[in-house]
2 protein chains.
Amino acid sequence: MKSSDIKSPSMKNKRPTLQDVADLVGVTKMTVSRFLRNPDQVSVPLQTKIADALEELGYIPNRAPDILSKSKSHAIGVLLPSLTNQVFAEVIRGIESIVEPAGYQTMLAHYGYSKEAEEARIATLLSYNVDGLIISESYHTERVRKMLAVAGIPVIEIMDSVSPPIEQAIGIDNEAAAYAMTDFMIKRGRQKIVYFAARMDQRTLFKIKGYETAMHDNGLTPLCLKTNSASSFTLGATFLHDALQQQPDTDGIFCTNDDLAIGALYACQKAGIKVPQDISIAGFHGHDISRAMIPRLATVITPREEMGRLAAEHLLSRLQGNPVSQTIIDLPFQIEAGESV
Amino acid sequence: MKSSDIKSPSMKNKRPTLQDVADLVGVTKMTVSRFLRNPDQVSVPLQTKIADALEELGYIPNRAPDILSKSKSHAIGVLLPSLTNQVFAEVIRGIESIVEPAGYQTMLAHYGYSKEAEEARIATLLSYNVDGLIISESYHTERVRKMLAVAGIPVIEIMDSVSPPIEQAIGIDNEAAAYAMTDFMIKRGRQKIVYFAARMDQRTLFKIKGYETAMHDNGLTPLCLKTNSASSFTLGATFLHDALQQQPDTDGIFCTNDDLAIGALYACQKAGIKVPQDISIAGFHGHDISRAMIPRLATVITPREEMGRLAAEHLLSRLQGNPVSQTIIDLPFQIEAGESV
DNA sequence: TATGATAATGTTACCTGTAACAAAACATGG
DNA sequence: CCATGTTTTGTTACAGGTAACATTATCATA
């Protein structure tokens with residue numbers, strides 16, 4: 001009689017191991033392990049016995065030993081700057097739609113746009129032996145680059161298709177997209193276009209650059225309202241009033257995202273300003289709401305979910321041993337005219 | 001000369017272990033381990049040497065051994081039915097806002113409203129030795145219940161505050177909320193209120209029940225339009241037309257979420273139907289957009305993010321060994337009158 | 001029945017950090 | 001300079017599943 005057979009009430013029964021199952025059947029844990037991987041490797045009478053024992057004890061597989069011995073977790077790390085932004089929720093959805101059916105687990109982390117936090121989160125994700133990483137932003141500290149190099153796992157950077165990636169980037173050209181929308185508004189006769197910027201991250205800076213270049217190329221003077229806080233509908237309204245104060249003859253507003261644009265648009269409606277007759281308004285990203293509202297919002301449609309899907313697909317491909325196929329994958333954006341420009 | 005000292009070019013240098021660092025310094029890995037946990041446990045001259053070696057090799061901590069030997073991962077599993085729904089994005093945000101500063105990692109999974117998938121995802125999360133689980137929905141298969149019992153980790157169910165929880169539930173009373181909003185619309189003089197339901201999950205069923213009860217209590221006849229597909233703005237428009245066909249004198253619409261309501265509202269505007277004069281419209285959840293739009297949407301404001309935060313807080317508290325304080329935590333909802341009723 | 005082949009099961013070692021115990025190095029006081 | 005205490009470092013074992021190798025059981029055929 002082994003001690004494992006004794007069940008005193010004080011002893012809290014911990015999660016059963018393969019050994020517990022094996023003891024119950026009267027075989028080695030190796031035999032049970034074989035059964036779990038391929039039942040046919042085990043004699044027919046044992047098959048039912050083992051199956052019964054597994055069921056009786058409620059055995060739950062344990063990946064820890066495998067992670068330890070093989071340094072493979074079948075999990076991928078996803079590191080995003082924020083979870084507040086709807087854009088990232090859609091990216092996550094895209095990633096999960098690919099990663100989950102492939103049998104990989106997602107470890108989610110975010111760093112609130114702080115470089116120090118980013119370092120810490122990456123270290124944490126690596127400490128769990130994630131098999132691959134999807135991160136965003138294009139600039140990383142030297143420490144982050146070193147950690148990723150040492151870890152030796154595939155890394156894919158998303159959101160931005162311009163900056164030279166660590167290994168592989170999948171994103172859009174934010175500058176070109178902002179240029180295109182600004183140019184579109186100018187072509188529609190707008191001259192005094194103001195840019196509304198929030199959350200001054202790398203992508204926003206790219207967009208501002210595209211906007212400013214387009215204005216300059218057309219001999220116009222850019223005006224950019226900025227804040228470091230997160231965007232919101234109310235911020236869009238606030239910005240509208242600021243813009244009209246600083247530049248009363250403003251005839252166009254291009255926002256760094258749809259939230260600001262919608263906020264500005266509603267503020268115009270409240271103030272009796274006609275959109276697009278008096279002021280044109282354009283957003284960025286093309287969330288569902290922008291296409292449902294009246295007037296339909298002009299916006300730059302970006303493939304957020306596809307970006308997540310593609311990132312996941314390429315990551316999985318590399319986990320299967322394939323080399324990096326394309327260093328930079330530049331996804332197309334689309335200028336949606338809507339009715340607000 | 002040990003084999004680990006040999007660095008042939010063919011040999012891909014894998015992630016360094018504590019042993020590698022120790023070898024470089026000329027001590028045991030135990031000493032390095034001590035330094036990492038508390039540098040003062042190590043003599044001053046060694047402190048700098050070890051720090052240098054760690055830096056030089058770019059050592060990254062490895063949680064795998066600890067997970068294996070202690071069966072504690074410092075990770076919690078979050079299992080949601082879907083990532084498409086904005087509600088769940090906000091719940092995740094709430095959870096992460098608590099869990100991350102506490103040094104816990106989030107493992108995210110979703111099951112697309114399928115009970116079999118839920119079983120599989122829970123097994124997977126448990127196989128990673130998550131220390132606790134936040135799951136949603138209130139009904140689970142026997143197998144799920146057994147797995148959770150065997151795993152012996154704290155589990156918190158969110159979204160619904162009515163059904164008897166496995167251990168602890170944090171949510172709202174969907175039926176009462178739907179009753180309250182229906183009653184509010186009736187008090188405002190509406191008689192022919194139609195309910196728009198999508199994604200027929202448990203919570204939707206509760207809401208329908210609340211709506212129907214309120215209608216009956218007021219001597220009115222309920223009419224519910226249902227579909228199993230996910231809700232969207234366009235579905236709201238489709239439902240509106242269906243409703244007007246089935247019941248031309250419809251004077252109120254109560255939607256299972258804001259998306260449907262906004263879709264219906266815009267469809268009314270397009271069709272020249274005045275809201276709220278001709279038809280009242282109410283949504284559910286109170287997303288930001290509902291408060292920004294014109295007219296402001298009447299809606300039931302639910303504390304999604306707080307639900308996530310609270311779930312995380314209670315889970316962490318239990319991970320610290322505290323017992324379940326309240327079996328059911330019923331969070332308050334709020335009827336937002338808006339301008340559309 | 002003996003023989004070799006094949007199928008079924010068992011044994012051992014390993015992955016890496018750390019708790020627990022052991023030993024060595026060092027310091028202090030008599 | 002020894003005895004004793006303290007600090008610092010080393011040694012051993014362990015967690016649980018599985019690869020790799022070893023052994024035993026089974027069976028068909030000579």
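Since we're looking at a predicted model, the values are computed, not measured. Note on naming: letters A, B, ... go to the chains in the order of the sequence lines (proteins, then strands), and numbering restarts at 1 for each one.
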Round to a whole Å and report the spacing from [atom1] of [X] to [atom2] of [N].
X: L46(A); N: dA25(D); atom1: CG; atom2: P; answer: 14 Å
X: Q41(A); N: dT9(C); atom1: CD; atom2: C1'; answer: 11 Å
X: K49(A); N: dA8(C); atom1: NZ; atom2: C1'; answer: 14 Å
X: F35(A); N: dG17(D); atom1: CZ; atom2: C1'; answer: 16 Å
X: D40(B); N: dT7(D); atom1: CG; atom2: P; answer: 12 Å

Minimal non-hydrogen separation, S73(B) against D131(B), with atom names:
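Smallest interatomic distance, heavy atoms only, reads N-OD1, 2.8 Å.
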Using a 4.0 Å heavy-atom cut-off across all strands, classify [X] as base, sugar-phosphate, or nothing.
X: I67(B); result: nothing
X: S43(A); result: sugar-phosphate
X: T31(B); result: sugar-phosphate
X: V32(B); result: nothing

Before you tell me yes or no, could you show the steps for Q105(A) and R63(A) under side chain to side chain donor-acceptor pair (under 3.5 Å), namely the whole-Å CA-CA distance, both residues' side-chain angles and the distance that decides it to 0.1 Å?
CA-CA 12 Å; Q105(A) 185 58 39; R63(A) 276 191 209 261; over 6 Å; no
Could I get a table of every N or O pair under 3.5 Å where one atom is in the protein and the other is in nucleotides 15-21 of chain C?
residue : atom : partner : partner atom : Å
dG17(C) : OP1  : Y59(B)  : OH           : 2.7
dG17(C) : OP2  : L18(B)  : N            : 2.8
dG17(C) : N7   : K29(B)  : NZ           : 2.9
dT18(C) : OP1  : R37(B)  : NH1          : 3.3
dT18(C) : OP2  : S33(B)  : OG           : 2.5

What is the distance from atom NE2 of H110(B) to atom CG of L80(B), rounded to the nearest 0.5 Å?
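Going from the NE2 atom of H110(B) to the CG atom of L80(B) covers 9.5 Å.
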When rounded to the nearest 0.5 angstrom, what distance separates CD1 in I134(A) from CD in Q168(A)?
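If I round to the nearest 0.5 Å, the distance is 10.0 Å.
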Looking only at the side chains, is there a donor atom on one of S82(B) and N85(B) sitting less than 3.5 Å from an acceptor on the other?
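No, no side-chain donor-acceptor contact under 3.5 Å.
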Quick one: list whatever passes side-chain hydrogen bond (donor to acceptor under 3.5 Å, both in side chains) with S161(A), sequence neighbours left out.
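Checked S161(A) against side-chain hydrogen bond (donor to acceptor under 3.5 Å, both in side chains); matches are D330(A).
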